[in-house]
Amino acid sequence: MNPQVLPSILLLISAAHAFHYTDLAQYVDSHQDEYVEMLRDWVAIESDSSNVQKRPELHRMMETVAQKLRLMGGTVQLVDIGEQELPDGQTLELPKVVTAQFGNVSSKHTVCIYGHVDVQPAKLEDGWATDPYNLTEINGNLYGRGASDNKAPVLAWIHAVEAYQALSMDLPVNVKFVIEGMEETGSNGLDAMIMAQRDTFFSEVDYIIISDCGWLSRRPSLTYGTRGNCYFFAEVEGPEQDLHSGVYGGTVIEPMTDLIGILDTLISPSGKILIPGIREAVAPLSDEEWKMYQDIQFDMDNYKNKIGVNQLMYSNKVDLLAHMWRYPTVSIHGIEGAFSDPGTKTVIPAKVTAKFSIRQVPDMDPAMVKKQVTDYLHSVFAKRRSPNKLKVTMVIGAKPWLADTHHPLYEAGKAAIKRVFNTDPDLIREGGTIPIARTFQDVTGKSIIMMPIGGFDDGLHSQNEKMSRYNYIEGTKLFIAYLNEVSQIKRTSV
Ligand SMILES: *[C@@H]1O[C@H](CO)[C@@H](O)[C@H](O)[C@H]1NC(C)=O
Ligand SMILES: *[C@@H]1O[C@H](CO)[C@@H](O)[C@H](O)[C@H]1NC(C)=O
Ligand SMILES: [Zn+2]
(Lines give C-alpha, C1' and ligand atoms only; values in the text may rest on other atoms or scores of the structure.)
(Ligands and ions follow the chains in the order given, each with its own letter.)
Protein backbone atom coordinates (compact mmCIF):
# COMPACT_ATOMS: atom_id res chain seq x y z
CA MET A 1 0.00 0.00 0.00
CA ASN A 2 1.18 3.49 -0.74
CA PRO A 3 2.57 4.69 2.64
CA GLN A 4 1.07 8.15 2.08
CA VAL A 5 -2.44 6.72 1.94
CA LEU A 6 -2.20 4.93 5.28
CA PRO A 7 -2.29 7.97 7.62
CA SER A 8 -5.30 9.40 5.85
CA ILE A 9 -7.13 6.07 6.13
CA LEU A 10 -6.34 5.96 9.85
CA LEU A 11 -7.61 9.50 10.15
CA LEU A 12 -10.81 8.54 8.37
CA ILE A 13 -11.33 5.55 10.65
CA SER A 14 -10.84 7.61 13.78
CA ALA A 15 -13.09 10.36 12.40
CA ALA A 16 -15.84 7.79 11.91
CA HIS A 17 -15.75 6.78 15.56
CA ALA A 18 -14.99 9.98 17.42
CA PHE A 19 -17.78 12.30 18.50
CA HIS A 20 -17.15 15.82 17.25
CA TYR A 21 -20.05 17.69 18.76
CA THR A 22 -18.89 21.11 17.60
CA ASP A 23 -18.76 20.01 13.96
CA LEU A 24 -22.21 18.50 14.17
CA ALA A 25 -23.64 21.57 15.90
CA GLN A 26 -22.08 23.81 13.27
CA TYR A 27 -23.57 21.66 10.53
CA VAL A 28 -27.00 22.05 12.12
CA ASP A 29 -26.63 25.82 12.43
CA SER A 30 -25.64 26.19 8.79
CA HIS A 31 -28.55 24.03 7.60
CA GLN A 32 -31.29 25.49 9.75
CA ASP A 33 -33.08 27.26 6.91
CA GLU A 34 -33.40 23.93 5.10
CA TYR A 35 -34.85 22.42 8.26
CA VAL A 36 -37.43 25.19 8.46
CA GLU A 37 -38.35 24.64 4.80
CA MET A 38 -38.83 20.95 5.44
CA LEU A 39 -41.08 21.75 8.40
CA ARG A 40 -43.01 24.12 6.11
CA ASP A 41 -43.58 21.25 3.64
CA TRP A 42 -44.81 18.97 6.41
CA VAL A 43 -47.09 21.56 8.03
CA ALA A 44 -48.64 22.25 4.60
CA ILE A 45 -50.03 18.70 4.59
CA GLU A 46 -53.35 18.85 6.47
CA SER A 47 -52.87 15.54 8.26
CA ASP A 48 -55.86 15.99 10.59
CA SER A 49 -56.63 12.49 11.85
CA SER A 50 -60.03 13.38 13.30
CA ASN A 51 -61.48 14.59 9.98
CA VAL A 52 -62.37 11.70 7.66
CA GLN A 53 -62.43 14.10 4.67
CA LYS A 54 -58.71 14.71 5.24
CA ARG A 55 -57.76 11.03 5.20
CA PRO A 56 -56.04 11.28 1.77
CA GLU A 57 -53.83 14.04 3.20
CA LEU A 58 -52.97 11.77 6.13
CA HIS A 59 -51.96 8.96 3.75
CA ARG A 60 -49.84 11.48 1.82
CA MET A 61 -48.20 12.55 5.09
CA MET A 62 -47.18 8.99 5.98
CA GLU A 63 -45.84 8.46 2.44
CA THR A 64 -43.85 11.71 2.73
CA VAL A 65 -42.25 10.54 5.99
CA ALA A 66 -41.42 7.13 4.49
CA GLN A 67 -39.93 8.70 1.38
CA LYS A 68 -37.75 11.04 3.43
CA LEU A 69 -36.40 8.12 5.49
CA ARG A 70 -35.85 6.01 2.35
CA LEU A 71 -33.83 8.80 0.72
CA MET A 72 -31.61 8.79 3.82
CA GLY A 73 -30.87 5.12 3.24
CA GLY A 74 -33.04 3.69 6.01
CA THR A 75 -34.71 0.31 5.89
CA VAL A 76 -38.27 1.58 5.72
CA GLN A 77 -41.63 -0.09 5.98
CA LEU A 78 -45.18 1.24 5.70
CA VAL A 79 -47.04 -1.08 8.02
CA ASP A 80 -50.71 -1.73 7.27
CA ILE A 81 -52.71 -1.49 10.51
CA GLY A 82 -56.14 -2.17 9.07
CA GLU A 83 -59.31 -0.15 9.02
CA GLN A 84 -61.26 2.10 11.28
CA GLU A 85 -64.98 1.71 11.81
CA LEU A 86 -66.95 4.94 11.56
CA PRO A 87 -70.09 5.63 13.64
CA ASP A 88 -72.26 5.20 10.51
CA GLY A 89 -70.90 1.66 10.04
CA GLN A 90 -68.61 2.49 7.11
CA THR A 91 -64.93 1.64 7.27
CA LEU A 92 -61.94 3.79 6.46
CA GLU A 93 -58.33 2.74 5.91
CA LEU A 94 -56.08 3.72 8.79
CA PRO A 95 -52.89 5.60 7.92
CA LYS A 96 -49.98 3.16 7.73
CA VAL A 97 -47.36 3.26 10.46
CA VAL A 98 -43.86 4.10 9.23
CA THR A 99 -41.03 2.05 10.68
CA ALA A 100 -37.40 2.64 9.77
CA GLN A 101 -33.99 1.47 10.78
CA PHE A 102 -30.57 3.09 10.50
CA GLY A 103 -27.60 0.96 11.48
CA ASN A 104 -27.64 -2.67 12.45
CA VAL A 105 -24.48 -3.20 14.48
CA SER A 106 -25.00 -5.75 17.22
CA SER A 107 -22.32 -4.26 19.49
CA LYS A 108 -24.23 -0.96 19.65
CA HIS A 109 -27.34 -0.07 21.60
CA THR A 110 -30.53 0.37 19.60
CA VAL A 111 -32.90 3.23 20.32
CA CYS A 112 -36.42 3.48 18.96
CA ILE A 113 -37.87 6.93 18.45
CA TYR A 114 -41.63 7.25 18.58
CA GLY A 115 -43.45 10.22 17.09
CA HIS A 116 -46.65 11.16 15.27
CA VAL A 117 -47.34 13.33 12.23
CA ASP A 118 -51.11 13.66 12.46
CA VAL A 119 -52.51 16.89 13.88
CA GLN A 120 -55.50 18.39 15.65
CA PRO A 121 -58.05 20.23 13.49
CA ALA A 122 -57.36 23.89 12.67
CA LYS A 123 -59.12 26.59 10.68
CA LEU A 124 -58.20 30.22 10.16
CA GLU A 125 -61.71 31.11 11.39
CA ASP A 126 -60.98 29.48 14.75
CA GLY A 127 -58.99 32.60 15.56
CA TRP A 128 -55.59 31.91 14.06
CA ALA A 129 -53.55 35.02 13.27
CA THR A 130 -52.00 33.21 10.27
CA ASP A 131 -53.04 30.36 7.94
CA PRO A 132 -52.53 27.29 10.19
CA TYR A 133 -51.20 25.21 7.28
CA ASN A 134 -48.81 27.85 5.97
CA LEU A 135 -45.83 27.91 8.35
CA THR A 136 -45.20 31.55 9.21
CA GLU A 137 -42.18 32.88 11.08
CA ILE A 138 -42.78 35.84 13.39
CA ASN A 139 -40.14 36.95 15.89
CA GLY A 140 -38.35 33.62 15.84
CA ASN A 141 -41.55 31.58 16.24
CA LEU A 142 -42.75 29.20 13.53
CA TYR A 143 -46.56 29.24 13.60
CA GLY A 144 -48.49 26.33 12.13
CA ARG A 145 -50.73 23.42 13.10
CA GLY A 146 -48.62 20.48 14.20
CA ALA A 147 -45.40 22.52 14.28
CA SER A 148 -44.73 21.61 17.91
CA ASP A 149 -47.10 18.64 18.21
CA ASN A 150 -45.35 16.69 16.82
CA LYS A 151 -43.86 17.46 13.37
CA ALA A 152 -40.80 19.54 14.33
CA PRO A 153 -39.69 17.08 17.03
CA VAL A 154 -39.98 14.18 14.55
CA LEU A 155 -38.01 16.19 11.99
CA ALA A 156 -35.41 17.16 14.60
CA TRP A 157 -34.70 13.46 15.16
CA ILE A 158 -34.44 12.94 11.40
CA HIS A 159 -32.06 15.91 11.09
CA ALA A 160 -29.97 14.48 13.93
CA VAL A 161 -29.43 11.27 11.96
CA GLU A 162 -28.85 13.27 8.75
CA ALA A 163 -26.14 15.37 10.40
CA TYR A 164 -24.12 12.29 11.38
CA GLN A 165 -24.53 10.96 7.85
CA ALA A 166 -23.55 14.25 6.22
CA LEU A 167 -20.30 14.40 8.18
CA SER A 168 -19.62 10.69 7.52
CA MET A 169 -19.68 9.93 11.20
CA ASP A 170 -20.99 6.54 12.28
CA LEU A 171 -24.21 6.71 14.25
CA PRO A 172 -23.18 6.02 17.87
CA VAL A 173 -26.27 3.78 18.29
CA ASN A 174 -28.60 2.00 15.91
CA VAL A 175 -31.67 4.18 15.40
CA LYS A 176 -35.18 2.96 14.68
CA PHE A 177 -38.28 5.05 14.06
CA VAL A 178 -41.95 4.34 14.67
CA ILE A 179 -44.04 7.18 13.26
CA GLU A 180 -47.82 6.97 13.41
CA GLY A 181 -50.71 9.02 12.07
CA MET A 182 -53.57 8.46 14.53
CA GLU A 183 -52.18 9.80 17.82
CA GLU A 184 -54.57 12.70 18.16
CA THR A 185 -57.57 10.39 18.03
CA GLY A 186 -56.25 7.66 20.34
CA SER A 187 -53.59 5.79 18.33
CA ASN A 188 -56.12 3.50 16.70
CA GLY A 189 -54.36 0.28 15.60
CA LEU A 190 -50.96 1.05 17.12
CA ASP A 191 -51.22 -1.19 20.19
CA ALA A 192 -51.93 -4.21 17.98
CA MET A 193 -49.04 -3.29 15.68
CA ILE A 194 -46.60 -3.05 18.61
CA MET A 195 -47.88 -6.36 19.96
CA ALA A 196 -47.49 -8.01 16.53
CA GLN A 197 -43.91 -6.73 16.08
CA ARG A 198 -42.80 -7.30 19.67
CA ASP A 199 -40.52 -10.20 18.73
CA THR A 200 -39.34 -8.74 15.44
CA PHE A 201 -38.95 -4.97 15.05
CA PHE A 202 -38.89 -4.32 18.79
CA SER A 203 -36.84 -7.31 19.90
CA GLU A 204 -33.45 -5.64 19.35
CA VAL A 205 -34.57 -2.28 20.75
CA ASP A 206 -32.92 -1.32 24.04
CA TYR A 207 -34.54 2.04 24.71
CA ILE A 208 -37.61 3.94 23.55
CA ILE A 209 -37.56 7.71 23.20
CA ILE A 210 -40.68 9.86 23.00
CA SER A 211 -40.52 13.59 22.25
CA ASP A 212 -44.24 14.34 22.24
CA CYS A 213 -44.65 16.89 25.04
CA GLY A 214 -43.16 20.22 26.08
CA TRP A 215 -40.93 21.99 28.57
CA LEU A 216 -42.38 23.60 31.66
CA SER A 217 -40.36 26.82 31.49
CA ARG A 218 -37.53 28.28 29.43
CA ARG A 219 -35.31 25.63 30.93
CA PRO A 220 -35.16 22.26 29.09
CA SER A 221 -37.11 19.42 30.69
CA LEU A 222 -36.97 15.68 30.95
CA THR A 223 -40.38 14.12 31.54
CA TYR A 224 -40.51 11.08 33.80
CA GLY A 225 -44.20 10.48 34.39
CA THR A 226 -47.66 10.85 32.94
CA ARG A 227 -51.04 10.36 34.62
CA GLY A 228 -53.43 7.71 33.41
CA ASN A 229 -57.19 8.17 33.18
CA CYS A 230 -60.31 6.24 34.15
CA TYR A 231 -63.34 7.58 32.29
CA PHE A 232 -66.84 6.88 33.60
CA PHE A 233 -70.44 7.19 32.48
CA ALA A 234 -73.08 7.38 35.23
CA GLU A 235 -76.61 7.01 33.90
CA VAL A 236 -79.77 7.66 35.91
CA GLU A 237 -83.01 6.51 34.31
CA GLY A 238 -86.51 7.30 35.59
CA PRO A 239 -89.83 7.85 33.79
CA GLU A 240 -90.47 6.31 30.40
CA GLN A 241 -90.29 9.66 28.63
CA ASP A 242 -89.40 13.29 29.24
CA LEU A 243 -92.06 15.11 31.28
CA HIS A 244 -93.43 18.67 31.52
CA SER A 245 -92.38 20.21 34.84
CA GLY A 246 -95.64 22.20 35.09
CA VAL A 247 -97.70 19.04 34.87
CA TYR A 248 -95.52 16.49 36.64
CA GLY A 249 -93.01 18.59 38.60
CA GLY A 250 -93.33 17.78 42.32
CA THR A 251 -94.80 14.34 41.76
CA VAL A 252 -91.81 12.47 40.30
CA ILE A 253 -88.32 11.88 41.66
CA GLU A 254 -86.24 13.48 38.98
CA PRO A 255 -83.24 11.62 37.46
CA MET A 256 -81.30 14.88 37.06
CA THR A 257 -81.63 15.72 40.77
CA ASP A 258 -80.40 12.23 41.65
CA LEU A 259 -77.52 12.48 39.25
CA ILE A 260 -76.34 15.88 40.46
CA GLY A 261 -76.72 14.66 44.04
CA ILE A 262 -74.35 11.76 43.51
CA LEU A 263 -71.90 13.73 41.36
CA ASP A 264 -71.54 16.20 44.20
CA THR A 265 -70.21 13.42 46.45
CA LEU A 266 -67.18 12.67 44.25
CA ILE A 267 -64.91 15.54 45.30
CA SER A 268 -65.01 18.24 47.96
CA PRO A 269 -64.82 21.98 47.16
CA SER A 270 -61.20 21.94 48.37
CA GLY A 271 -60.23 19.17 45.93
CA LYS A 272 -60.35 16.19 48.27
CA ILE A 273 -61.52 13.00 46.53
CA LEU A 274 -64.31 11.51 48.61
CA ILE A 275 -64.43 8.01 47.07
CA PRO A 276 -63.14 5.62 49.77
CA GLY A 277 -59.84 3.91 48.97
CA ILE A 278 -58.65 6.25 46.22
CA ARG A 279 -56.45 8.54 48.30
CA GLU A 280 -55.07 5.59 50.26
CA ALA A 281 -53.78 3.97 47.05
CA VAL A 282 -51.63 6.96 46.07
CA ALA A 283 -47.86 6.56 46.60
CA PRO A 284 -46.72 8.99 49.30
CA LEU A 285 -44.75 12.10 48.33
CA SER A 286 -41.09 11.45 49.15
CA ASP A 287 -38.69 14.09 50.48
CA GLU A 288 -36.67 13.77 47.28
CA GLU A 289 -39.75 14.45 45.18
CA TRP A 290 -40.66 17.44 47.32
CA LYS A 291 -37.19 18.83 46.76
CA MET A 292 -37.41 18.23 43.00
CA TYR A 293 -40.66 20.18 42.82
CA GLN A 294 -39.15 22.93 44.94
CA ASP A 295 -36.25 23.27 42.43
CA ILE A 296 -38.48 23.55 39.36
CA GLN A 297 -38.82 26.93 37.67
CA PHE A 298 -42.53 27.66 37.69
CA ASP A 299 -44.30 30.99 37.76
CA MET A 300 -47.70 30.73 39.48
CA ASP A 301 -48.85 34.14 38.22
CA ASN A 302 -48.01 33.28 34.61
CA TYR A 303 -49.93 30.07 35.00
CA LYS A 304 -52.97 31.90 36.38
CA ASN A 305 -52.84 34.45 33.57
CA LYS A 306 -52.53 31.77 30.93
CA ILE A 307 -55.76 30.09 32.02
CA GLY A 308 -57.54 33.28 33.04
CA VAL A 309 -58.30 32.63 36.70
CA ASN A 310 -57.41 34.64 39.78
CA GLN A 311 -57.34 31.79 42.26
CA LEU A 312 -56.05 28.23 42.03
CA MET A 313 -56.84 25.19 44.17
CA TYR A 314 -53.42 25.49 45.88
CA SER A 315 -51.44 28.59 46.62
CA ASN A 316 -47.91 27.22 46.75
CA LYS A 317 -45.80 25.82 43.94
CA VAL A 318 -45.06 22.38 45.38
CA ASP A 319 -48.72 21.62 46.16
CA LEU A 320 -49.81 22.88 42.76
CA LEU A 321 -47.22 20.86 40.79
CA ALA A 322 -47.91 17.79 42.91
CA HIS A 323 -51.63 18.03 42.17
CA MET A 324 -50.96 18.65 38.50
CA TRP A 325 -48.78 15.54 38.14
CA ARG A 326 -48.75 13.06 40.96
CA TYR A 327 -52.14 13.12 42.69
CA PRO A 328 -55.40 11.92 41.20
CA THR A 329 -58.28 14.27 40.54
CA VAL A 330 -61.91 14.07 39.49
CA SER A 331 -63.19 16.15 36.58
CA ILE A 332 -66.84 16.28 35.56
CA HIS A 333 -67.07 16.78 31.80
CA GLY A 334 -70.75 16.99 30.99
CA ILE A 335 -74.25 15.58 31.18
CA GLU A 336 -75.88 13.95 28.17
CA GLY A 337 -79.63 13.78 27.76
CA ALA A 338 -80.19 17.10 29.47
CA PHE A 339 -81.96 19.91 27.69
CA SER A 340 -79.09 22.02 26.41
CA ASP A 341 -80.53 24.43 23.83
CA PRO A 342 -80.74 28.09 24.82
CA GLY A 343 -84.16 29.18 26.07
CA THR A 344 -86.43 28.17 28.91
CA LYS A 345 -88.02 24.89 27.96
CA THR A 346 -89.50 23.28 31.08
CA VAL A 347 -88.63 19.65 30.63
CA ILE A 348 -87.87 16.95 33.18
CA PRO A 349 -85.38 14.68 31.38
CA ALA A 350 -86.25 10.99 31.76
CA LYS A 351 -82.69 9.73 31.42
CA VAL A 352 -79.42 11.58 31.99
CA THR A 353 -75.81 10.41 31.72
CA ALA A 354 -72.92 12.16 33.42
CA LYS A 355 -69.38 11.86 32.09
CA PHE A 356 -66.50 12.19 34.51
CA SER A 357 -62.94 10.97 34.75
CA ILE A 358 -60.33 10.35 37.39
CA ARG A 359 -56.68 10.95 36.53
CA GLN A 360 -54.57 7.96 37.57
CA VAL A 361 -51.23 7.96 39.37
CA PRO A 362 -49.04 5.29 40.99
CA ASP A 363 -50.07 3.05 42.76
CA MET A 364 -53.71 3.24 41.64
CA ASP A 365 -55.04 0.34 39.62
CA PRO A 366 -57.84 1.06 37.11
CA ALA A 367 -59.59 -2.25 37.83
CA MET A 368 -59.69 -1.36 41.53
CA VAL A 369 -60.76 2.22 40.79
CA LYS A 370 -63.65 0.91 38.69
CA LYS A 371 -64.88 -1.13 41.64
CA GLN A 372 -64.34 1.65 44.18
CA VAL A 373 -66.23 4.21 42.08
CA THR A 374 -69.07 1.86 41.17
CA ASP A 375 -69.59 0.60 44.74
CA TYR A 376 -69.39 4.09 46.17
CA LEU A 377 -71.87 5.69 43.74
CA HIS A 378 -74.33 2.84 44.26
CA SER A 379 -74.08 3.21 48.05
CA VAL A 380 -74.58 6.98 47.87
CA PHE A 381 -77.47 6.49 45.47
CA ALA A 382 -79.08 3.84 47.72
CA LYS A 383 -79.20 6.37 50.58
CA ARG A 384 -81.40 8.61 48.42
CA ARG A 385 -84.03 5.85 48.33
CA SER A 386 -84.81 6.81 44.75
CA PRO A 387 -86.94 4.56 42.53
CA ASN A 388 -84.76 5.55 39.54
CA LYS A 389 -82.10 3.23 38.14
CA LEU A 390 -78.37 3.98 38.29
CA LYS A 391 -75.86 2.41 35.92
CA VAL A 392 -72.12 3.12 36.22
CA THR A 393 -69.68 2.05 33.48
CA MET A 394 -65.95 2.67 33.02
CA VAL A 395 -65.19 3.23 29.33
CA ILE A 396 -61.46 3.99 29.48
CA GLY A 397 -58.93 2.64 32.00
CA ALA A 398 -55.49 3.99 31.08
CA LYS A 399 -52.70 3.36 33.56
CA PRO A 400 -50.17 6.00 34.61
CA TRP A 401 -46.51 5.80 33.56
CA LEU A 402 -43.52 6.62 35.73
CA ALA A 403 -39.77 6.30 35.11
CA ASP A 404 -36.79 6.37 37.46
CA THR A 405 -34.95 9.68 37.05
CA HIS A 406 -31.70 7.97 38.11
CA HIS A 407 -31.93 5.41 35.29
CA PRO A 408 -28.88 5.65 32.95
CA LEU A 409 -31.24 6.78 30.20
CA TYR A 410 -32.12 9.86 32.26
CA GLU A 411 -28.51 10.42 33.36
CA ALA A 412 -27.63 10.43 29.64
CA GLY A 413 -30.41 12.98 29.07
CA LYS A 414 -29.09 15.26 31.80
CA ALA A 415 -25.58 15.07 30.30
CA ALA A 416 -26.83 15.90 26.80
CA ILE A 417 -28.84 18.87 28.10
CA LYS A 418 -25.80 20.07 30.02
CA ARG A 419 -23.70 19.94 26.86
CA VAL A 420 -26.15 21.74 24.60
CA PHE A 421 -27.86 24.17 26.98
CA ASN A 422 -25.28 24.37 29.77
CA THR A 423 -27.92 23.85 32.46
CA ASP A 424 -29.56 21.06 34.41
CA PRO A 425 -33.04 20.08 33.23
CA ASP A 426 -36.33 20.50 35.00
CA LEU A 427 -37.43 16.96 35.86
CA ILE A 428 -41.16 17.07 35.26
CA ARG A 429 -44.26 14.98 34.78
CA GLU A 430 -47.23 15.45 32.50
CA GLY A 431 -50.66 15.74 34.03
CA GLY A 432 -52.16 14.30 30.85
CA THR A 433 -52.09 10.79 29.51
CA ILE A 434 -49.72 9.44 26.83
CA PRO A 435 -51.03 5.86 26.77
CA ILE A 436 -48.46 4.77 24.21
CA ALA A 437 -45.67 5.07 26.81
CA ARG A 438 -47.43 2.59 29.00
CA THR A 439 -48.10 0.26 26.04
CA PHE A 440 -44.44 0.33 25.00
CA GLN A 441 -43.43 -0.44 28.56
CA ASP A 442 -45.96 -3.23 29.11
CA VAL A 443 -45.56 -4.90 25.71
CA THR A 444 -41.84 -4.53 25.00
CA GLY A 445 -40.52 -4.34 28.57
CA LYS A 446 -38.02 -1.68 27.40
CA SER A 447 -37.05 1.46 29.30
CA ILE A 448 -38.55 4.70 28.06
CA ILE A 449 -37.51 8.33 28.24
CA MET A 450 -39.58 11.36 27.32
CA MET A 451 -37.30 14.08 25.99
CA PRO A 452 -39.36 17.08 24.89
CA ILE A 453 -38.10 19.99 22.81
CA GLY A 454 -41.40 21.92 22.54
CA GLY A 455 -41.63 25.23 24.40
CA PHE A 456 -43.86 25.77 27.44
CA ASP A 457 -46.02 28.23 25.49
CA ASP A 458 -46.37 26.41 22.17
CA GLY A 459 -50.18 26.28 22.30
CA LEU A 460 -50.60 22.61 21.44
CA HIS A 461 -54.12 21.80 20.25
CA SER A 462 -55.10 25.48 20.35
CA GLN A 463 -54.98 28.48 18.03
CA ASN A 464 -51.59 29.84 16.95
CA GLU A 465 -49.64 26.69 17.74
CA LYS A 466 -45.94 27.34 17.20
CA MET A 467 -42.48 25.95 17.56
CA SER A 468 -39.65 28.40 18.09
CA ARG A 469 -36.76 28.25 15.66
CA TYR A 470 -34.49 28.14 18.72
CA ASN A 471 -36.15 25.02 20.17
CA TYR A 472 -36.23 23.33 16.77
CA ILE A 473 -32.57 23.92 16.03
CA GLU A 474 -31.15 23.51 19.55
CA GLY A 475 -33.46 20.52 19.95
CA THR A 476 -31.82 18.90 16.91
CA LYS A 477 -28.44 19.43 18.59
CA LEU A 478 -29.81 17.93 21.81
CA PHE A 479 -30.85 14.79 19.93
CA ILE A 480 -27.41 14.57 18.31
CA ALA A 481 -25.73 14.83 21.71
CA TYR A 482 -28.19 12.40 23.26
CA LEU A 483 -27.47 9.63 20.75
CA ASN A 484 -23.81 9.90 21.75
CA GLU A 485 -24.59 9.87 25.49
CA VAL A 486 -26.80 6.79 25.10
CA SER A 487 -23.96 4.96 23.35
CA GLN A 488 -21.91 5.35 26.54
CA ILE A 489 -24.42 3.47 28.71
CA LYS A 490 -22.82 0.27 30.03
CA ARG A 491 -24.40 -2.94 28.78
CA THR A 492 -24.83 -4.25 32.32
CA SER A 493 -27.07 -1.37 33.27
CA VAL A 494 -29.56 -1.90 30.43
C1 LIG B 1 -30.25 -6.67 11.35
O2 LIG B 1 -29.44 -7.77 11.66
C3 LIG B 1 -30.17 -8.91 12.09
C4 LIG B 1 -29.17 -9.98 12.52
O5 LIG B 1 -28.16 -10.15 11.58
C6 LIG B 1 -31.07 -9.38 10.94
O7 LIG B 1 -31.84 -10.49 11.37
C8 LIG B 1 -31.99 -8.23 10.55
O9 LIG B 1 -32.76 -8.59 9.44
C10 LIG B 1 -31.19 -6.98 10.22
N11 LIG B 1 -32.13 -5.88 10.00
C12 LIG B 1 -31.97 -4.98 9.04
C13 LIG B 1 -33.03 -3.95 8.95
O14 LIG B 1 -31.04 -4.97 8.26
C1 LIG C 1 -48.05 31.57 2.78
O2 LIG C 1 -47.99 32.85 3.32
C3 LIG C 1 -47.10 33.71 2.61
C4 LIG C 1 -46.98 35.01 3.41
O5 LIG C 1 -48.24 35.53 3.71
C6 LIG C 1 -47.62 33.91 1.21
O7 LIG C 1 -46.72 34.75 0.48
C8 LIG C 1 -47.71 32.56 0.51
O9 LIG C 1 -48.26 32.70 -0.75
C10 LIG C 1 -48.55 31.60 1.35
N11 LIG C 1 -48.46 30.28 0.76
C12 LIG C 1 -49.52 29.53 0.54
C13 LIG C 1 -49.25 28.18 -0.04
O14 LIG C 1 -50.64 29.89 0.79
ZN1 LIG D 1 -48.63 14.94 20.27
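No hydrogens, no waters, no symmetry mates; every other heavy atom, side chains included, goes into these values. We count ligands from 1, going down the list as the structure has it; atoms in each ligand are counted the same way.
Salt-bridge annotation for K291 and E288: absent, with no side-chain N of the basic residue lying under 4.0 Å from a carboxylate O of the acidic one.
D149 has its closest N, O or S atom to the Zn ion (ligand 3) at the position named OD1. When distances from the Zn ion (ligand 3) to the N, O or S atoms of D212 are compared, OD1 comes out shortest.
No side-chain donor-acceptor contact under 3.5 Å links W128 to the backbone of A122. Checked by atom type and distance alone, the side chain of D206 never pairs as donor or acceptor with a backbone atom of K446 at under 3.5 Å.
At a distance under 4.0 Å, a protein heavy atom can be found next to atom 14 (O) of ligand 2. Distances from atom 4 (C) of ligand 2 to the protein include no heavy-atom value under 4.0 Å.
At the shortest separation from atom 10 (C) of ligand 2 among protein heavy atoms lies N134 ND2, 2.4 Å.
Metal site remark for the Zn ion (ligand 3): E183 contributes no N, O or S atom at a distance under 2.8 Å. The nearest N, O or S atom of H116 is closer to the Zn ion (ligand 3) than 2.8 Å. Contact annotation: E184 places no N, O or S atom under 2.8 Å from the Zn ion (ligand 3).
With sequence neighbours left out, the side-chain hydrogen bond (donor to acceptor under 3.5 Å, both in side chains) criterion links D48 to S50. Residues meeting the side-chain hydrogen bond (donor to acceptor under 3.5 Å, both in side chains) test with D149, sequence neighbours left out: H116, H461.
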Intermediate values then yes/no, salt bridge (charged side-chain N to carboxylate O under 4.0 Å, His left out), K355 and E336: CA-CA 8 Å; K355 299 172 181 191; E336 227 175 80; 2.6 Å; yes

